[in-house]
Amino acid sequence: MSQQSRISGGLIDRSQTHSFTFDGRRYEGHAGDTLASALVANNVRLVGRSFKYHRPRGIFTAGSEEPNALVELRSGARREPNTRATAAELFEGLEAASQNWCGSLRHDLLAVNDLFSPFLSAGFYYKTFMWPKAFWERLYEPIIRAAAGLGRLSGLPDPDSYDHGYLHCDILVIGAGPAGLAAAMQAGRSGARVIVADEDFRMGGRLNAETREVDGMAGAAWADSAVAELAAMDNVRLFPRTTVFGVYDHGIYGALERRTDHLRDGEDGPRQVLWQIQAKRAILAAGAIERPIAFPGNDRPGVMLAASVRTYVNRYAAAPGKRIAVFTNNDDGWRTAIDLSAKGIGIAAIVDTRDTEPLTDIPGAAIVMGGRVTATRGRHGLRSITLAGGRTIETDCLAISGGWNPNVHLTCHHRGRPEWRDDIAAFVPGPELPAGMTVTGAANGTLTLGAALADGHNRTSSTLMGLGFRSGGAQPPRGDDEAASVSAFWHVSPGKGRAWLDLQNDVTVKDLKLAHQEGFRSVEHMKRYTTLGMATDQGKTANVPALAIMAECTGRTIAETGTTIFRPPYTPVPIAAFAGRSRGAHMRPVRLTPSHAWAEEQGAAFVETGLWLRAQWYPRDGETHWRQSVDREVVQTRNSVGICDVATLGKIDIQGRDAAQFLNRVYANGFAKLAVGRARYGLMLREDGIVMDDGTAAHLSENHYLMTTTTANALAVFRHLEFCRQCLWPNLDVHLISVTDQWAQYAVAGPNARKLLSKLVDQDFDISNEAFPFMACGEITVCGGTRARLFRISFSGELAYEIAVPARYGDAMIRALMAAGEEFDAVPYGLEALNVMRIEKGHVTGAELEGRTTARDVGMGRMVSADKDCIGKTLSQRPVLVAEDRPVLMGFIPVDRSQTLDAGAHFLSSGVAAVTENDEGWMSSVCHSPILGHAIGLGFIKRGRERVGETVRAADPLRGKETLVEIVSPHFLDPEGERLRG
Amino acid sequence: MGFSAFRIIKEGLTGNRGWTPHWRDPEPKAQYDIVIVGGGGHGLSTAYYLAREFGITNVAVLEKGWLASGNVARNTTIVRSNYMLPGNEPFYEFSLKLWEGLEQDFNYNAMMSQRGIVNLYHSDGQRDAFARRGNAMHLAGAGAVLLDRDGIRQLCPFLNFDNSRFPIHGGLWQPRGGTARHDAVAWGYARGADRRGVDIIQNCEVTGFRIENGRCIAVETTRGPIRAKKVGVCVAGSSGRVMAMAGMRLPIESQVLQAFVTEGLKPIIPGVVTFGVGHFYISQSDKGGLVFGGDLDGYNTYAQRGNLQLVNDVIEAGMTMMPMIGRARVLRSWGGLVDMSMDGSPFIDRTHIDGLYFNGGWCYGGFKATPASGFCYAHLLAKDEPHSVARAYRLDRYRTGALIDEEATGPNPNLH
Amino acid sequence: MIINHPLLGPRDAAEFTYLGDACLIERPDPEAENAIEVFHDYVYLRDNPAGEHRELWFHEHGDRSWLVVTRNTLTHEISKVELARDVALSRGRGI
């Protein structure tokens with residue numbers, strides 16, 4: 001029979017029937033159900049297994065605080081472990097499966113753990129599994145790991161999409177229960193920009209679950225009309241299915257909106273949106289969560305929180321039992337009996353821990369004042385309870401109420417600590433709230449309806465005034481205040497039984513007492529030793545009773561005992577939602593140079609360098625190995641001419657009367673006297689004396705320079721220069737702007753470089769060696785009037801130029817260069833060939849200027865001018881940085897020229913042990929030199945300059961290699977620089 | 001009585017009535033040979049090794065709050081010795097060797113689990129830097145394996161090999177790396193020290209140092225003055241605040257490192273994996289939670305919480321590296337205060353005040369150092385000379401230029 | 001966090017890059033006799049206060065201003081934001 005526990009009434013839509021499966025069995029429910037309420041309607045009681053003892057468990061709550069009813073939702077790559085059935089909205093075709101069992105849910109082999117529970121008490125694992133030592137990783141731990149964990153990830157990439165969004169408002173109302181709706185109405189009427197967020201798919205909070213009235217209407221109907229009124233206001237935005245999960249600095253709230261979780265797979269993505277809400281003020285109306293009473297056997301399916309039982313009956317029209325008993329320490333528990341009785345559900349008993357007069361009479365129910373439940377029966381579902389004194393009562397559902405805990409979670413995200421209030425036996429928000437936050441209603445300890453409505457209204461009025469809005473003369477919505485007296489009662493002494501506190505992690509009252517016995521007496525120790533409150537529900541129902549028991553053990557008050565720290569998120573948030581669309585190929589943007597399309601046409605292999613994609617080499621037909629391409633590019637460049645895209649270099653335009661002075665201070669070498677039309681290599685230090693970057697600065701015209709930086713450091717250098725300009729020398733007349741993206745730039749290198757360029761450079765400009773010598777620069781035109789800049793600089797060691805044109809001509813320029821180069825067999829060369837040629841020349845890059853080396857280390861010590869100050873000069877003189885035995889840059893060649901070299905090898909003298917103490921340095925860059933015909937390397941070795949000709953070991957134990965290498969000058973090719981001056 | 005399976009069975013059969021506190025709760029004495037300020041992982045291990053290795057037991061550990069309430073209470077539990085520089089690598093390898101015998105040594109199961117750590121690389125340059133590091137590890141006896149893309153695919157088939165902005169080229173793998181149960185490490189040291197006579201005094205905040213004629217002779221505390229022949233400060237995260245009471249300015253900034261744990265899941269990630277672009281590292285605890293983190297928030301703070309932007313940044317890298325974790329839910333995030341030093345490396349040293357010693361500057365990596373930090377600090381306190389593997393951790397190294405800058409980012413604490 | 005830029009109004013901290021203590025404005029005199037010592041203190045030592053902290057932020061994804069932000073390191077509350085250039089000028093950082 002379908003939906004045998006479905007009763008009349010409720011807020012479900014019976015016109016829409018959804019079929020769904022749980023553990024493969026097909027059931028039906030209705031629109032407006034949660035998975036949990038549909039399971040209740042179908043009388044499914046056993047829904048899961050606990051973490052440690054694999055005890056059978058049923059639905060315990062009707063909200064996101066659920067500790068027991070966790071399921072794997074959906075299938076395939078969309079499988080979603082640990083989903084709370086109580087918060088999962090039902091949809092047609094929903095698939096859910098129970099989790100954490102071995103065998104089947106009903107017959108879980110791991111339930112054997114429960115038999116051994118006397119030996120598995122809190123923290124038992126800290127005391128054993130240590131012998132024999134090797135057994136931990138081979139035996140004990142694999143068993144523990146396999147048994148631990150709850151649901152299973154699919155192991156497949158998450159196929160859904162997620163968005164990030166940013167919102168601004170005057171007032172953010174968190175929670176749309178009675179206080180929240182009253183607040184939102186008042187805020188909305190004032191004209192303020194209002195956002196209302198509620199985790200439920202139906203706004204109204206407890207009004208949807210109770211039989212109370214507001215303004216003379218049924219509570220749920222009033223909530224509907226309030227929501228409709230808010231929806232009609234242009235200044236109000238409503239976010240149902242949205243959890244505000246964290247409070248960040250300066251009024252920023254993180255919120256997760258679940259947009260398609262209530263739909264079938266993949267409909268109308270994105271699945272979820274992570275909103276960053278910037279709110280001037282926030283009204284926290286997050287309500288309260290009911291807490292249980294611990295008693296022996298309190299974990300059986302059928303034991304539920306009393307208000308949740310009401311929720312299932314009143315909102316979802318699903319009866320969690322046929323004969324229900326209530327166990328309470330407060331007036332609110334009685335309302336469960338009253339409401340259910342009115343619906344015709346049998347009430348077996350009301351057991352009230354208080355020794356007072358019964359609140360009312362319930363026909364047919366045994367009323368036991370001053371009573372205690374001391375035991376329960378029913379393996380997979382509750383059958384009876386036993387009271388103190390031995391009386392047994394048949395019941396299939398026990399509704400328990402230990403009072404209500406205001407939802408203080410978000411009030412504590414900025415160090416605030418909640419305060420204990422004896423009159424409601426609960427923690428309420430303390431005085432230190434996040435700036436701009438006001439707490440109202442049950443979240444603030446105002447637990448009755450009429451007072452909460454008024455409180456929401458009134459606190460919002462004052463908040464609006466603070467923001468300068470007029471709230472008008474509207475009266476707060478009216479509701480009666482119900483009886484809400486509570487008398488703290490935490491647990492029935494377990495005797496020989498076990499009374500659970502944390503249902504998911506299987507932490508019992510005895511575990512807490514044992515932790516105390518073993519000296520774990522602060523709440524944090526208690527939590528960590530027993531794992532209480534560390535499950536997926538973060539102890540939302542378990543923590544306060546546990547604190548009370550800790551207080552009992554230590555003889556302190558609950559207020560003195562204090563709470564553990566509440567940290568974001570309020571309820572768990574999927575990892576993918578935080579990433580949004582910035583994942584996979586879209587993790588970061590891609591920067592492309594102006595010649596990218598052309599390089600693609602050439603079939604270039606590209607490589608990521610920072611955000612840039614750069615051509616690595618340009619393979620030609622018949623080349624089967626990258627080395628063939630690279631060797632060809634190098635040889636052809638050195639023999640004739642090659643062209644390389646260097647647009648990724650950082651370019652900084654520097655202007656002003658003090659530009660020369662500025663350069664002179666930021667570079668280690670002198671720049672004060674660089675003539676117009678000349679460029680110079682520049683070495684830049686950090687203030688700690690370590691090399692920061694290198695590049696060139698070209699003096700384009702009076703008071704106008706262009707600096708280049710390495711690709712990798714472009715941003716950092718620019719930031720550093722702005723720091724120097726604004727913070728250190730604010731009086732210098734100098735202005736900086738990054739022009740990296742504004743200019744395309746190509747190196748044209750090789751003996752035929754000049755001939756090639758002469759074909760493109762307009763005739764007005766003389767680029768002969770005499771008119772435009774090495775290190776000349778100038779503004780020219782090319783191809784009949786296109787503005788360009790020409791620099792006679794060389795990284796390859798060849799006669800070379802770099803030519804820059806505005807980025808929009810970059811594509812045309814590379815094509816023009818290649819066309820002009822055809823007669824010389826000009827080749828494009830990529831990063832690898834560039835690297836080979838610079839190693840042959842002994843030029844350094846990031847592998848050598850690696851953030852720990854000094855100018856002296858890389859052989860440029862003399863560039864640090866003695867005649868002037870510069871950034872980093874003073875500290876570069878510290879004793880260890882100028883010590884004689886520092887590793888310095890040298891060249892290395894294999895003694896056996898047929899051998900290859902590997903970067904990352906460490907240098908050892910012959911005959912010494914391969915240990916740290918004997919480490920003399922490392923190889924930083926290597927390549928095969930097609931010109932020299934063997935491998936060459938650059939590296940750092942102690943006292944290297946004195947050791948030219950010495951043979952040392954390049955040890956590479958990581959790759960099982962050791963190569964004898966000779967120490968040589970780092971300048972392998974043309975050390976005198978004749979080629980580049982040619 | 002010691003902990004063992006036998007004892008668990010015996011206690012289980014007799015109602016677990018025989019278990020006693022893991023450590024005493026003594027009143028502070030008026031005087032000790034050595035007072036350790038800070039009852040975190042490093043302070044407790046220092047006390048343990050003072051007693052165990054150097055026979056000095058007239059020792060008090062003073063803790064402001066509850067025992068082990070600092071960074072040992074909230075970290076990502078990773079243990080490894082994959083450093084590059086000679087000032088660091090022998091120290092961390094010494095630490096890893098101590099980890100490997102720790103549980104039997106202090107008779108407490110800290111669940112040290114050597115399931116390996118792999119650092120991914122995404123470019124040839126990164127590979128070369130890892131090769132240099134891997135070889136440094138070999139020279140220090142730490143062992144390492146350089147894996148190419150296929151090697152990584154075998155080890156971690158669940159990573160994103162096909163659709164990443166920064167493709168995985170390979171990784172540096174230290175099979176001996178792993179994780180440990182962080183609280184239990186501190187508790188094991190506490191119990192081991194306590195059983196050897198050390199007084200562990202909780203809820204005792206140091207409010208000042210009594211310094212006479214250039215010598216520290218006592219600490220002032222919320223529970224009265226306590227005299228000591230030597231005082232060892234060990235309060236990473238709060239080093240600046242505590243040493244200011246001795247009139248010292250430090251080369252340290254306090255910053256926040258956020259970390260995250262998901263709901264419990266069945267085992268899916270074998271060891272520790274780190275991404276090489278941006279910063280992201282992840283492992284799975286024995287309880288099933290995915291534990292992960294990334295960069296610092298990057299500004300000075302004592303607030304023990306971070307901001308949302310950084311959470312997004314960290315997780316973007318995580319979802320790029322292994323998109324299968326997308327549907328796991330973040331259960332809890334937290335922010336721990338870290339002592340960011342100016343070169344990213346720590347200090348274990350005397351100060352210019354006689355009798356006052358300093359241990360701090362552990363940045364985001366103090367957990368793995370817990371055994372060696374305590375051992376070497378105990379060595380320094382007991383013998384007044386540095387242990388050989390910790391001799392580079394001097395307070396004056398920025399004066400001399402003997403920097404230990406693994407990240408090579410210079411004196412910018414937030415970039416280390 | 002939100003930084004109220006003196007020229008541009010409130011901006012998300014994500015637009016900025018952090019450097020550190022604003023004492024970095026006070027670059028010492030390289031001619032000083034004990035220059036290494038004073039540069040050591042300048043580059044490496046920090047007050048690192050738990051409370052009000054004056055610190056440098058760079059509007060990297062904005063107008064490239066360096067700002068001096070006065071922020072409480074216990075609460076993250078920002079009480080003042082100034083252009084670093086103005087601060088430097090007022091501190092007599094000359095040419």
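Chain letters run A, B, ... following the sequence lines, proteins first and then strands; every chain starts at 1. The basis for the numbers below is simple: all heavy atoms, side chains too, and nothing from hydrogens, waters or symmetry mates.
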message: For a salt bridge (Lys or Arg N to Asp or Glu O under 4.0 Å) check, start with the C-alpha distance between B:Asp25 and A:Arg521, then their side-chain angles and the critical distance, and finish with the verdict.
response: CA-CA 10 Å; B:Asp25 193 10; A:Arg521 287 167 194 177; 5.3 Å; no

- prompt: Would B:Trp23 and A:Phe520 count as a ring-ring contact (aromatic ring centres under 6.0 Å, His included) if you check the C-alpha gap in whole Å, the side-chain angles of each, and the deciding distance to 0.1 Å?
  reply: CA-CA 9 Å; B:Trp23 46 80; A:Phe520 294 90; 5.2 Å; yes

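Using a 4.5 Å heavy-atom cutoff, the side chains of A:Glu608 and B:Arg165 are in contact. No side-chain heavy atom of A:Pro157 sits less than 4.5 Å from a side-chain heavy atom of B:Asn160. Taking 4.5 Å as the limit, some side-chain heavy atom of A:Gln276 sits within range of a side-chain heavy atom of B:Leu308. At least one side-chain heavy atom of B:Arg329 sits less than 4.5 Å from a side-chain heavy atom of A:Thr83.
Chosen from A:Gly254, A:Ala147, A:Ser522, A:Pro568, the residue pairing most often with chain B at heavy-atom distances under 4.5 Å is A:Pro568. Interface check for chain B: of the options A:Pro589, A:Ala847, A:Ser117, the most heavy-atom pairs under 4.5 Å are formed by A:Pro589. For the options B:Pro267, B:Gly143, B:Gly289, B:Ala328, heavy-atom pairs under 4.5 Å to chain A are most numerous at B:Ala328. The candidate with the highest count of non-hydrogen atom pairs below 4.5 Å against chain B, out of A:Gly123, A:Ala914, A:Gly519, A:Ser582, is A:Ser582. Heavy-atom pairs under 4.5 Å with chain A were tallied for B:Gly306, B:Ser333, B:Gly410; the largest tally goes to B:Ser333. Contact count against chain B (heavy-atom pairs under 4.5 Å) is highest for A:Pro574 among A:Ala913, A:Pro574, A:Ala883. Comparing A:Leu881, A:Thr845, A:Val590 by how many heavy-atom pairs each has under 4.5 Å with chain B, the most go to A:Val590. Of the residues considered (B:Thr20, B:Val311, B:Asn307, B:Val261), B:Asn307 shows the highest number of contacts with chain A, using heavy-atom pairs under 4.5 Å. Contact count versus chain A (heavy atoms, under 4.5 Å) is highest, among B:Pro411, B:Pro86, B:Ala184, for B:Pro411. Between chain B and the options A:Pro118, A:Gly246, A:Ala585, A:Gly151, the largest number of non-hydrogen pairs under 4.5 Å is found for A:Ala585. Of the listed residues B:Glu103, B:Arg17, B:Gln104, B:His22, the one with more heavy-atom pairs under 4.5 angstrom with chain A than any other is B:His22. With respect to chain A, the highest number of heavy-atom pairs below 4.5 Å among B:Phe158, B:Tyr398, B:Phe6, B:Phe292 belongs to B:Tyr398.
Heavy-atom distances place no part of A:Ala515 under 4.5 Å from chain B, backbone and side chain included. Only the backbone of A:Ala146 comes within less than 4.5 Å of a heavy atom of chain B; no side-chain atom from C-beta onward does. Heavy atoms closer than 4.5 Å to chain B are found in both the backbone and the side chain of A:Arg528. Only the side chain of A:Glu137 comes within contact range of chain B, judged by heavy atoms closer than 4.5 Å. Heavy atoms of A:Glu832 lying under 4.5 Å from chain B belong exclusively to its side chain. Heavy atoms of A:Leu514 lying under 4.5 Å from chain B belong exclusively to its side chain. Heavy atoms of A:His516 lying under 4.5 Å from chain B are absent altogether. For chain A, the nearby parts of B:Ala317 are the backbone and the side chain; heavy atoms of each come within less than 4.5 Å. Only the side chain of A:Lys527 comes within less than 4.5 Å of a heavy atom in chain B; its backbone stays farther off. For A:Arg581, no part lies under 4.5 angstrom from a heavy atom of chain B. When heavy atoms are compared at a cutoff of 4.5 Å, A:Val915 approaches chain B by way of both its backbone and its side chain. Contacts of A:Glu141 with chain B are made by side-chain atoms alone, with heavy-atom separations under 4.5 Å and no backbone atom involved. Looking at A:Ser121, only its side chain comes within 4.5 Å of chain B, counting heavy atoms on both sides. Neither the backbone nor the side chain of A:Asp902 comes within less than 4.5 Å of any heavy atom in chain B. Looking at A:Tyr162, the atoms closer than 4.5 Å to chain B (heavy atoms on both sides) all sit in the side chain, from C-beta outward.
Here A:Arg686 contributes atom CZ and B:Thr409 contributes atom OG1; the two are 7.0 Å apart, rounded to the nearest 0.5 Å. Note that CD1 of A:Ile575 and CD of B:Glu316 are 13.5 Å apart. Values are rounded to the nearest 0.5 Å. Summarising the geometry, atom CH2 belonging to A:Trp922 is positioned 13.5 Å from atom CG belonging to B:Asn135; distances are rounded to the nearest 0.5 Å. Note that NZ of A:Lys513 and CG of B:Asn16 are 14.0 Å apart. Values are rounded to the nearest 0.5 Å.
One side chain, B:Lys266 or A:Asn100, offers a donor N or O that lies under 3.5 Å from an acceptor on the other. B:Arg181 and A:Tyr125 form no side-chain donor-acceptor contact under 3.5 Å, judged by distance and modelled atom types alone.
Scanning both residues, B:Asn109 and A:Met130, for their nearest heavy atoms gives N-SD, 3.4 Å. Considering every non-hydrogen atom in both A:Gln616 and B:Asp124, the closest pair reads NE2-OD2, 4.1 Å. The two atoms that bring A:Leu153 and B:Arg327 nearest to each other are CD2-C, 4.2 Å, heavy atoms only. When all heavy atoms of A:Gly584 and B:Thr320 are compared, the closest pair comes out as N-OG1, 3.1 Å. For the residue pair B:Ala136 and A:His906, the shortest heavy atom distance occurs at N-NE2, 3.6 Å. For A:Arg878 against B:Thr400, the heavy-atom pair with the smallest separation is CB-O, 3.6 Å.
Between B:Asp286 and A:Arg145 there is a salt bridge, since a side-chain N of the basic residue sits under 4.0 Å from a carboxylate O of the acidic one.
Ring pair A:Tyr126/B:Tyr108 is parallel by interplanar angle, where below 30° counts as parallel and above 60° as perpendicular.
Seen from the ring of A:Phe51, B:Lys287 counts as a face-on cation partner, given the 6.0 Å and 45° thresholds.
Open room surrounds NE2 on A:His586; 12 or fewer heavy atoms of other groups in view lie less than 6.0 Å from it.
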